[in-house]
Student: 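Provided herewith is a single structure, encoded as structure tokens, for subsequent inquiry.
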Amino acid sequence: VVTETITVNVEGNQIRRGIFRDFPRYYEDAKTGGKLPYQYDVISVRRDDAREPYTRESEGNAVQIRIGDADRFLERREHTYEIKYRVKNQIRYFDQHDELYWNVTGNYWNFPIERAEAVISLPEGSRVTEAVAYTGGQGIAERNYAYRKVMNAHVFETSQALQSREGLTISLSMQKGVIDPPSASDKGWLWWARNGALTVLGASFLGLLGFFYRSFKRVGEDPPKGPVFPQYEPP
């Protein structure tokens, strides 16, 4: 479960009625190397401590949350948005450890980010084996951040401003068992996500083949021929 707090300065230029929040739509499947979709469940969206309308769309490689009222302009001042949502398939399971790999800010913002902070709360007694973060644009792994641990919370904070299309990504490796492994239903969903398209294609092909075979047996097969008699004289 993720709660994002985003403070923006509205000048009536690019931000007029609201903001867009773009989440990654796919992630790389460690087993097959293909793409699998994230599962997002938006719980609530608020602006300045009040409920705010929003819509959800799929935009290319992103799941886009469009926040704001199309018939209402925002006041030209700072506004604080709070987006709360649930996301599945975000934990990577390895033989010796599990990992939370999370793109905190996303890399789709057209604006610079003065400051970004991520606070990850784990169950009491959880043992973290590695905590690292990356800053910069897509595919760039700079280390402009500070890290500290407060009780069971792990805090990452940028040490310098992020420019347009730059973001903060964290990686938290922990001992096995802190987070439950995928359930039977989760594994079934993953299997369908990996093989669903091929299964539907194969079933469609078999169904079409069966239809043509039955149709041929019903109307396309020639009737059996009668006996053939020798003719000894020209007709």
Side-chain angles (χ1 to χ4, degrees), residues 1-6 8 14-15 17-47 52-68 70 81-94 98-113 116-120 132-142 156 158 162-173 179-183 185-201:
V1 176
V2 182
T3 301
E4 294 189 2
T5 303
I6 305 172
V8 300
Q14 295 189 55
I15 300 178
R17 297 174 176 85
I19 64 172
F20 302 151
R21 176 63 172 104
D22 293 335
F23 301 111
R25 189 177 178 185
Y26 302 101
Y27 68 97
E28 184 176 350
D29 184 13
K31 185 175 181 180
T32 64
K35 288 185 176 182
L36 292 179
Y38 285 114
Q39 292 178 279
Y40 295 100
D41 178 22
V42 179
I43 300 172
S44 64
V45 176
R46 304 179 69 84
R47 178 177 61 84
E52 186 76 352
Y54 70 91
T55 58
R56 172 175 170 166
E57 299 178 5
S58 296
E59 187 78 18
N61 195 37
V63 174
Q64 187 176 85
I65 308 299
R66 304 169 67 94
I67 304 171
Y81 291 86
E82 182 190 86
I83 309 170
K84 188 174 183 179
Y85 57 94
R86 184 180 292 105
V87 57
K88 301 186 71 172
N89 305 327
Q90 194 57 54
I91 303 298
R92 299 179 178 182
Y93 297 94
F94 299 95
D98 297 332
E99 179 191 21
L100 169 62
Y101 188 84
W102 180 248
N103 188 330
V104 177
T105 60
N107 293 85
Y108 301 102
W109 293 103
N110 292 324
F111 310 99
I113 298 174
E117 182 184 75
V119 181
I120 296 92
V132 297
Y134 310 97
T135 59
Q138 192 77 29
I140 299 176
E142 297 177 348
F156 298 84
T158 54
L162 301 171
Q163 300 305 311
S164 173
R165 300 285 175 171
E166 291 186 347
L168 169 67
T169 299
I170 64 99
S171 172
L172 206 63
S173 298
I179 299 178
D180 291 336
S183 64
S185 62
D186 292 332
K187 291 180 179 179
W189 184 89
L190 287 172
W191 183 92
W192 181 255
R194 292 185 182 112
N195 307 292
L198 187 61
T199 301
V200 171
L201 182 63

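Note that these values count all heavy atoms, side chains included, but never hydrogens, waters or copies made by symmetry. Only a predicted model underlies this, so the values are computations on that prediction, with no experimental measurement involved.
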Student: Are any non-hydrogen side-chain atoms of Y54 and R21 less than 4.5 angstrom apart?
Tutor: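 Not in contact.
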Student: Rounded to the nearest 0.5 Å, what's the gap from CD on E52 to CD1 on I83? Could you check?
Tutor: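 Going from the CD atom of E52 to the CD1 atom of I83 covers 10.5 Å.
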Student: Would you say Y81 and I65 make side-chain contact, with heavy atoms under 4.5 Å?
Tutor: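 Not in contact.
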Student: More than 12 foreign heavy atoms under 6.0 Å from CZ of R86: is that the case here?
Tutor: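 Open: at most 12 neighbouring heavy atoms sit under 6.0 Å from CZ of R86.
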Student: To the nearest 0.5 Å, tell me how far E117 CD sits from T158 OG1.
Tutor: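 Going from CD on E117 over to OG1 on T158, the span is 8.5 Å.
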Student: Where the side chain of T105 meets the backbone of L168, is there a donor-acceptor pair that is under 3.5 Å apart?
Tutor: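 Checked: pair present.
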Student: Taking ring-ring contact (aromatic ring centres under 6.0 Å, His included) as the definition, give me every residue that meets it alongside Y40, ordered by chain and number, with sequence neighbours left out.
Tutor: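 In terms of ring-ring contact (aromatic ring centres under 6.0 Å, His included), with neighbours along the sequence ignored, Y40 is linked to F23, Y38.
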Student: For R165, which residues count as a side chain to side chain donor-acceptor pair (under 3.5 Å) partner, sequence neighbours excluded?
Tutor: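 R165 satisfies side chain to side chain donor-acceptor pair (under 3.5 Å) with N110 once adjacent residues are dropped.
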Student: Side-chain contact test, heavy atoms from C-beta onward, threshold under 4.5 Å: evaluate it for I120 versus L100 and give yes or no.
Tutor: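 The answer is yes; the side chains approach within 4.5 Å.
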Student: Taking only residues two or more places apart in sequence, or in another chain, which ones meet E57 in a side chain to side chain donor-acceptor pair (under 3.5 Å)?
Tutor: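 Result, side chain to side chain donor-acceptor pair (under 3.5 Å) vs E57: none returned.
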Student: Taking atom types as modelled and ignoring hydrogens, do the side chains of Y85 and E4 form a donor-acceptor contact shorter than 3.5 angstrom?
Tutor: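 Yes - a donor-acceptor pair under 3.5 Å links their side chains.
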Student: Got a sec, which residues hit side-chain contact (heavy atoms from CB on, under 4.5 Å) with R46, two or more places apart in sequence or on another chain?
Tutor: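 Partners of R46 under the side-chain contact (heavy atoms from CB on, under 4.5 Å) test: R51, E82.
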Student: In the structure I gave you, are the side-chain heavy atoms of I15 and F111 within less than 4.5 Å of one another anywhere?
Tutor: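 Result yes, sub-4.5 Å side-chain heavy-atom pair found.
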Student: Specify the closest pair of heavy atoms between G136 and L162, including all atoms of both residues, with the distance to one decimal.
Tutor: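 Scanning both residues, the minimum pair turns out to be N-CD2, 4.4 Å.
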Student: Using the test side-chain contact (heavy atoms from CB on, under 4.5 Å), find all partners of N107 that sit at least two apart in sequence or belong to another chain.
Tutor: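 Applying side-chain contact (heavy atoms from CB on, under 4.5 Å) to N107 gives N103, Q138.
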Student: Between V104 and F156, is there a side-chain heavy-atom distance shorter than 4.5 Å?
Tutor: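 No, their side chains stay 4.5 Å or more apart.
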Student: Quick one: closest heavy-atom pair of S173 and E99, and the distance?
Tutor: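 So the two residues come closest at OG-CG, 4.1 Å.
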Student: Could you check whether any side-chain heavy atom of W102 comes within less than 4.5 Å of a side-chain heavy atom of L172, counting everything from C-beta outward?
Tutor: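 No, every pair of side-chain atoms sits at 4.5 Å or beyond.
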Student: Taking only residues two or more places apart in sequence or in another chain, which ones pass side chain to side chain donor-acceptor pair (under 3.5 Å) with Q64?
Tutor: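 Scan of Q64 (side chain to side chain donor-acceptor pair (under 3.5 Å), adjacent residues dropped) gives D22, R66.
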Student: Could you check whether any side-chain heavy atom of K84 comes within less than 4.5 Å of a side-chain heavy atom of V1, counting everything from C-beta outward?
Tutor: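 Yes. Closest side-chain heavy atoms under 4.5 Å.
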